[in-house]
Q: 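To start, I am sharing the structure in question, which I have written as structure tokens.
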Amino acid sequence: MSTAERPVSSNFIRTMISEDLESGRYDQVVTRFPPEPNGYLHIGHAKSFSLNFGLAEDFGGRCHLRFDDTNPVKEDDEFVEAIKADVRWLGFDWGEHLHFASDYFDQLYAWAIQLIKAGKAYVDSQSADEMRENRGTLTQPGIDSPYRNRSVEENLSLFEQMKNGDFPDGTHVLRARIDMASPNINLRDPAMYRILHAHHHRTGDTWCIYPMYDFAHGQGDSIEGVTHSICTLEFEDHRPLYEWFIRELGIFAPQQIEFARLNLSYTVMSKRKLLQLVNDQHVSGWDDPRMPTLVGMRRRGYPPQAIRTFCERIGVGKGASWIDLSVLEDCVREQLNETAFRRQAVLNPLKVTLTNYPADKVEELDAPNHPQQPEQGTRKLPFSAELYIDRADFMEDPPKKFFRLGPDREVRLRNGYIIKCDEVVKDEQGEVIELKCSADLDTLGKNPVGRKVKGIIHWVSAAHAQKVKVRLYDRLFSEENPDKADNYLTALNPASLQETEALVEPGLLEAKSGETFQFERVGYFTVDSSDSQPGQPVFNRTVTLRDTWAKMKS
RNA sequence: UGGGGCAUCGCCAAGCGGUAAGGCACCGGAUUUUGAUUCCGGCAUUCCCAGGUUCGAUCCCUGGUGCCCCAGCCA
């Protein structure tokens, strides 16, 4: 897609970048997406990396993928690979620029020494508790550490001992020597390095001290020549620190820009909570189709283009925004409407017998794969005297605006004949179990003269229909903002997954994993990638169709 | 009565002193063998509030109000 055909709505980041280019502050645009490999990516991350890769593309620059792997106890290679796959799935390419903060550990260590020598960093030997107590509060300044004025030589040798593994975890920390009375808490001598005798997924046991985010992120950006370091709002308070390190080190200065993270209704986005949903088995895993993770959405059948459309549509700003889940679902429908082949499937079957159609006759009706795209061809639909329709398409005592089937009413069978309901058969409990209908055999592919039949319903031939497993997914939470509840788990939607069966047209048995179809008048369904067997597809409902009739009723 | 941010239609979001873009939602109407899709039309005399500057303010100034973030040896 070229910039010309994409309607690019302006935003404050674009404006800042343009100004930086015009002023000559930077002569190119380099951005980066910097996840920590400690979990799976979710839709919020997609907003971030769509922004970063999109900006780079629009300005003719590049976007790096950098893993901020500075905390070995939480990170794993499994996540590195999963994150790469997710970014690629959305169609973005970092080219040669796959980087890791851990690639810079040597450089970072050298820079730490440089700051010690300049009297800008010191080894503190207070406990974590003492440090917290002496940091002060939001309204009171902190107190200098008793170790704050150690000599450069002592700091140097202590720091080297830290690096050599002479101390256990938590005994010492390297701190930037800034200002314990700063109104910005991030500037009250922030930690630069901590002792962590932990195995790192890439550097192994080479290190037992690891840089903090604040001492690694900006420098990583600088090393890579990142011009615009785009992050979320909570890092706004870190920007002065980001700039302090860059300035003291005298290295290339990127511009940090913050934007508001995505909030989606009826879902939670925090990694901790998503992890708990998985661990406590409220969902089947990170890729459960109800999860807001990209792996979950992929399995749910959300097309990557829909997620990109969503990210563009919601825009980017600095005000905390809440996007309704329906916006995402509309992007999914929009995309799937274009690409999904149409099929017929009945979820709640009600038997229909055509009394004037030969009992042993079978017709092969032609049905388009996509009515708006005739070039997509047709498939054959077996038709016979015994059919199933959906129970919701029949009402014994229909209200005014109902134009489906009822006693003595006519309805069009999708891709087939017009039928009329002559008799309603009930069981002892009075429940409708069968409809006896007559077909107007002169209505295949044409409308009858003199009367209009407005209702159209879908169906399957009883003798030919195949039974498949179907999973109907709904929003994971029933509260708009689950975090508002005392415990977000109480907001879980008990009906978020409904497992059932459907009767589908025979061709659907050969559907391949990952393929998505529109079950006409029902919704979009995708073949589950994990639980389907050859010839035995399991269908996940990706999203329902818009239903103005349902809306009218309520 | 610490610091940093944000306030424009139901939800997002342009706008950068010259008289309120756009998208989604919504409401009409048309087409339709999916009550889907598509297509037309409608949808902020007003920009959190109150003052001020100006010929002119959503944009500048002053003072309020509301909301978000920060006290990890997490990122």
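Per chain, numbering begins at 1; letters A, B, ... match sequence-line order. Please read all numbers here as calculations on a predicted model, not as lab measurements.
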Q: Identify, with sequence neighbours excluded, every residue that meets ring pair (Phe, Tyr, Trp, His ring centres under 6.0 Å) alongside A:H238.
A: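 Checked A:H238 against ring pair (Phe, Tyr, Trp, His ring centres under 6.0 Å); matches are A:F235.
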Q: What's touching nucleotides 71-75 of chain B from the protein side, N or O pairs under 3.5 Å?
A:
unit_1	atom_1	unit_2	atom_2	d
B:A71	O2'	A:R135	NE	3.1
B:G72	OP2	A:R135	NH2	3.0
B:C73	OP1	A:R135	NH2	3.3
B:C73	OP2	A:R135	NH1	3.4
B:C73	N3	A:G170	O	3.3
B:C73	N4	A:Q126	O	2.9
B:C73	N4	A:A128	N	3.2
B:C73	N4	A:G170	O	3.0
B:C74	OP2	A:R194	NE	3.0
B:C74	OP2	A:R194	NH2	3.1
B:C74	O3'	A:R194	NH2	3.1
B:C74	O2'	A:N71	ND2	3.0
B:A75	OP1	A:T70	OG1	2.7
B:A75	OP1	A:R194	NH1	3.3
B:A75	OP1	A:R194	NH2	2.8
B:A75	OP2	A:Y213	N	2.9
B:A75	N6	A:H238	NE2	3.4

Q: Have a look at A:D330 and say if it touches a base, only the backbone sugar-phosphate, or nothing, with a 4.0 Å heavy-atom cut-off.
A: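 Sugar-phosphate only.
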Q: Restricting to side-chain contact (heavy atoms from CB on, under 4.5 Å), what partner residues turn up for A:D129, sequence neighbours left out?
A: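 Applying side-chain contact (heavy atoms from CB on, under 4.5 Å) to A:D129 gives A:S127, A:R132.
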Q: Listed in order of residue number, which residues of residues 37-45 of chain A have a non-hydrogen atom at under 4.0 Å from RNA chain B?
A: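 The answer is none.
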Q: So what's the dot-bracket for RNA chain B: Watson-Crick or G-U pairs under 3.5 Å, [ ] if a pair crosses, | if it pairs off-strand?
A: .(((((((.[[[..)..(...]]].(((((.......))))).....[[[[[..)....]]]]])))))).....
Q: Kindly indicate whether the side chain of A:Q518 and the base of B:U34 share any N or O donor-acceptor pair separated by less than 3.5 Å?
A: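 Checked by distance alone, the answer is yes.
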Q: Give every residue pair that meets the salt bridge (charged side-chain N to carboxylate O under 4.0 Å, His left out) criterion with at least one member in residues 177-186 of chain A, sequence neighbours excluded.
A: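 Passing the test, one end in residues 177-186 of chain A: no pairs.
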Q: Any side-chain N or O of A:T15 under 4.0 Å from OP1/OP2 of B:C16?
A: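 It does not, given that no N or O in the side chain of A:T15 lies less than 4.0 Å from OP1 or OP2 of B:C16.
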Q: Mind checking what makes ring pair (Phe, Tyr, Trp, His ring centres under 6.0 Å) contact with A:H201, not counting sequence neighbours?
A: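 Here no residue qualifies.
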Q: Counting only distance, no hydrogens or angles, is the base of B:G35 paired donor-acceptor with the side chain of A:D547 under 3.5 Å?
A: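 Not at all, since no donor on one side and acceptor on the other fall under 3.5 Å apart.
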Q: Can you sort out the partners of A:L365 under side-chain contact (heavy atoms from CB on, under 4.5 Å), two or more places apart, ordered by chain and number?
A: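 Partners of A:L365 by the side-chain contact (heavy atoms from CB on, under 4.5 Å) criterion, ordered by chain and then number, come out as A:E363, A:L381, A:F383, A:L444, A:W459.
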Q: What's touching nucleotides 8-11 of chain B from the protein side, N or O pairs under 3.5 Å?
A:
unit_1	atom_1	unit_2	atom_2	d
B:C11	O3'	A:W322	O	3.3
B:C11	O2'	A:W322	O	3.1

Q: If the condition is salt bridge (Lys or Arg N to Asp or Glu O under 4.0 Å), which residues does A:R475 pass it with, not counting sequence neighbours?
A: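 Salt bridge (Lys or Arg N to Asp or Glu O under 4.0 Å) list for A:R475, sorted by chain: empty.
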Q: Taking only residues two or more places apart in sequence or in another chain, which ones pass salt bridge (Lys or Arg N to Asp or Glu O under 4.0 Å) with A:D483?
A: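 Checked A:D483 against salt bridge (Lys or Arg N to Asp or Glu O under 4.0 Å); matches are A:K273.
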Q: Can you list everything that forms a side-chain contact (heavy atoms from CB on, under 4.5 Å) with A:A439? Sequence neighbours excluded, please.
A: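 By the side-chain contact (heavy atoms from CB on, under 4.5 Å) rule, A:A439 matches A:L354, A:N356, A:Y417, A:I419, A:L441.
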Q: Would you indicate what A:G142 reaches in the nucleic acid, counting non-hydrogen atoms under 4.0 angstrom: base, sugar-phosphate, or nothing?
A: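 Here A:G142 touches no strand at all.
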